Amino acid sequence: MNLSKKIAITAAVGFFVNLSFGQSVQEGVNYVDSQKYAKAKQNFTDLINQNPKDANNYFYLGNTYLTQFEPNFEQAQDNFNKGLAADPKSFLNKIGLATVKLGKGDKSAVAEIQQIVKDSKEKDAEVLYRAGEALTTFEKNSSPDLAITFLNKAIEKAQKGGVPANYYYSLGDAYRLKKDPGNAMSAYDKAELVAKNKASVYTRMGTLWIAAQQWQRAKENIDKAIAVDPTYAPAYKALAGFNIKYQKNAEATQNLINYTKYADEDPYTQLEIAKLYFTNEDYANAKTTLDSVFDKVDDPIKYRLRAYIQYGDGDYAGAQQNITTFLSKADKSRLQPSDEGLQGLIAAGLAKNEKDAAKKAQLESTAQQKIAIAKAAKDETLNWDEELAKVKGGITASSIDQGATSPAIEALKAKVAANAQDTDALYKLAQAYQEVKNWNGAILTWGKMAALLPDWAPAYYSQGYAYQQAGNNDMAKTSYEKFISLVKPAEVEANKQSLGYAHFFVAFMEKDSNPEKAKQNIAKSLEYEPTYPDAVNLQKALNK
């Protein structure tokens, strides 16, 4: 499941270190940096209660609602309006309101932010900084070039009193959005020189290396972050992201446990943790975490997440109900192509058990159409083709766990968990699943082999055999056809028997719907295996 910008960067937006504000504000912004959003909100609320005429405090409270994992636009806007009521000239709160518009997809807010900066006469480094930050907060509605301009001006303006580290962080974020990793890393290097808590810097460096798929450097920087501050929650979240990408599920679960320990119990943070558990295919922890805060969160995003969890557990009816609720309640600006894709997978799941032929056909058509929308948008939240194959094969994590196992399977699962790229262990695990007739486990494991070795034809033949044994002939045919397409001329002699059977199976599946294709495949089957009785008989039947 593809991660959002807030997950991918893996460190809270709005890092604040070394700001020239009062200690109480410093504490609040440090809480935001550590992804302790509940404490940050309480801190700024206390400041407002102490001095309700200070417009800045309303901005910082509102901005916390914007920078949490799922923005709460209503709460943010309410606080920015209160700030403007306290001081109608407050440029920070004006930027806050424009940022809300930007978050909701209104790109006219970019020009509005430019005007606010112009009205401020660019005298205040913090106003320039917040303008730049606003233009990087929402990836889909960002303006990195303009953000870089404002942030560089903020840095220049702040030189006399010392540039706060978060100015450099946001500059790095802007370069990341521009897909300029070299300048992003240079900005983080400058942040390292002035940051009091260097865990924040190393975490960002680590996630930048993750984005560049430089795994060793990513791990080194995240480890450095934890070494300098073992209580810095975002580092564990970054490490979880690293291990999820590397398919080290057990390690990722432990990282998330540590993240939960060092972040706070803000419901939106817990919602984010539930999302990560789902990404890690840990549906039990995802469900437990979501259930613990479901009634404490007003954001309709909770229905989307519950739909994903129910989908992962094979509860397609429940998933349909919750994604429908999400779509009816969420602002249209928050809808994503993945919502279409999920609806498509759910429709495919519902189609499996639908007895009415017309309804079944409609569901299958809906599945194809909606998954096509997600794929056309190049959405990578899930591997849509792989997920569709799993749905059609009745494959869920629970279905595999409920199947037969053995000591060899458990040992090999642990080995694969330690190194998801160990193809030898995956090969042996797939065979071990086949030995105990856990066909769902075999299908999924051969699929992982194929993902690591996409040109290795035997993985698709074995997956086709597993699909066939599981009773899913449609997916078996697809796998056999992939096997046929990948066998190279130099490999034909060694694969004659397998090619003969694969072509026979395709012919058998096509004999009624596409007789010409069936004849072509049966001819190829007999070319490889001239005496194969079933193929001989099928050819006779086709030629009548």
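Model, not experiment: these values are computed from the prediction.
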Check the pair K101, K107 against side chain to side chain contact (heavy atoms under 4.5 Å, CB included), reporting the backbone distance first and the verdict last.
CA-CA 8 Å; K101 288 174 65 175; K107 293 187 178 180; over 6 Å; no

Could you please spell out the steps behind the side chain to side chain contact (heavy atoms under 4.5 Å, CB included) verdict for L47 and D54?
CA-CA 9 Å; L47 282 174; D54 188 337; over 6 Å; no

What verdict does the side chain to side chain donor-acceptor pair (under 3.5 Å) test give for E133 and T137, after you've listed the backbone C-alpha separation in whole Å, the side-chain angles of each residue and the deciding distance to 0.1 Å?
CA-CA 6 Å; E133 180 196 45; T137 299; 5.2 Å; no

Side chain to side chain donor-acceptor pair (under 3.5 Å) assessment of Y167 paired with E126:
CA-CA 9 Å; Y167 284 27; E126 182 70 0; 3.0 Å; yes

Could you go step by step and tell me if E387 and I371 meet the side chain to side chain contact (heavy atoms under 4.5 Å, CB included) rule?
CA-CA 10 Å; E387 289 296 323; I371 289 171; over 6 Å; no

Could you please spell out the steps behind the side chain to side chain contact (heavy atoms under 4.5 Å, CB included) verdict for L327 and L335?
CA-CA 8 Å; L327 294 171; L335 304 186; 3.7 Å; yes

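Under a 3.5 Å cut-off, the side chain of T288 and the backbone N or O of N285 do not form any donor-acceptor pair. Although no hydrogens or angles enter the test, the distance criterion places no donor-acceptor pair under 3.5 Å between the side chain of D229 and the main chain of A225. Here the side chain of K378 pairs no donor or acceptor atom with the backbone of K375 at under 3.5 angstrom. Distance alone, capped at 3.5 Å, is enough to place a donor-acceptor pair between the N79 side chain and the Q75 backbone. Side chain of K370 to backbone of Q343: no donor-acceptor contact under 3.5 angstrom is found. Checking side-chain atoms of D264 against main-chain N and O of A38 turns up a donor-acceptor pair under 3.5 Å.
In this model, a donor atom of one side chain and an acceptor atom of the other lie less than 3.5 Å apart for Q115 and D119. For the 3.5 Å distance criterion, the side chains of D379 and Q336 fail to qualify, holding no donor opposite an acceptor. Using a 3.5 Å distance cut-off with no hydrogens or angles, the side chains of N81 and D78 do not pair a donor with an acceptor. Checked by atom type, the side-chain pair N57/N51 shows no donor-acceptor distance below 3.5 Å. T289 and Y277 are not linked by any side-chain donor-acceptor pair at a separation below 3.5 angstrom, with hydrogens and angles left out of the test. A side-chain donor-acceptor contact under 3.5 Å links T207 and R176. Side-chain contact check for S90 and D87: no donor-acceptor pair (N or O, by modelled atom type) lies under 3.5 Å. When only modelled atom types and interatomic distance are considered, Q68 and K41 share a side-chain donor-acceptor pair under 3.5 Å. For the 3.5 Å distance criterion, the side chains of Y232 and D33 qualify, holding a donor opposite an acceptor. Side-chain polar atoms of Y31 and Q42 form no donor-acceptor pair below 3.5 angstrom. Remark: the T325 side chain and the Q321 side chain contain no N/O donor-acceptor pair separated by less than 3.5 Å.
Closest of all the heavy-atom pairs between W384 and S338 is CH2-O, 3.6 Å. Residue A154 comes nearest to L128 through the heavy atom pair CB-CB, 3.7 Å, listed as atom of the first residue, atom of the second, then distance. Contact between L177 and P144 at its shortest, heavy atoms only, is CB-CB, 4.1 Å. Residues A274 and L305 approach most closely at CB-CD2, 3.7 Å, considering heavy atoms. Closest approach of A263 and A233 over heavy atoms only: N-CB, 3.6 Å.
Annotation: cation-pi pair K224/Y202 present, NZ/CZ under 6.0 Å from the ring centroid and within 45° of its normal. Relative to the ring axis of Y168, K190 does not place its NZ or CZ within 45° and under 6.0 Å from the centre.
Between E112 and K94 there is no salt bridge, since none of the side-chain N atoms of the basic residue sits less than 4.0 Å from a carboxylate O of the acidic one. Using a 4.0 Å cut-off between charged side-chain N and carboxylate O, E220 and R217 make no salt bridge. Between R334 and E70 a salt bridge is recorded (basic side-chain N to carboxylate O distance below 4.0 Å). Using a cutoff of 4.0 Å between basic side-chain nitrogens and carboxylate oxygens, D339 and R304 are scored as salt-bridged. With salt bridges taken as basic N to acidic carboxylate O contacts below 4.0 Å, one links D291 and R306.
With ring centers used as reference points, Y303 lies under 6.0 Å from F294. For F69 and Y37, the ring centers are positioned less than 6.0 Å apart. Taking the six-membered ring for Trp, Y236 and Y262 have ring centres closer than 6.0 Å. Taking the centre of each ring, F59 and F80 come in below the 6.0 Å mark.
The stretch residues 144-168 participates, sequence neighbours left out, in these salt bridge (Lys or Arg N to Asp or Glu O under 4.0 Å) pairs: E122-K153, D145-K178.
Atom CD of Q159 sits in a crowded spot, with more than 12 heavy atoms from other residues, nucleotides or ligands closer than 6.0 Å.
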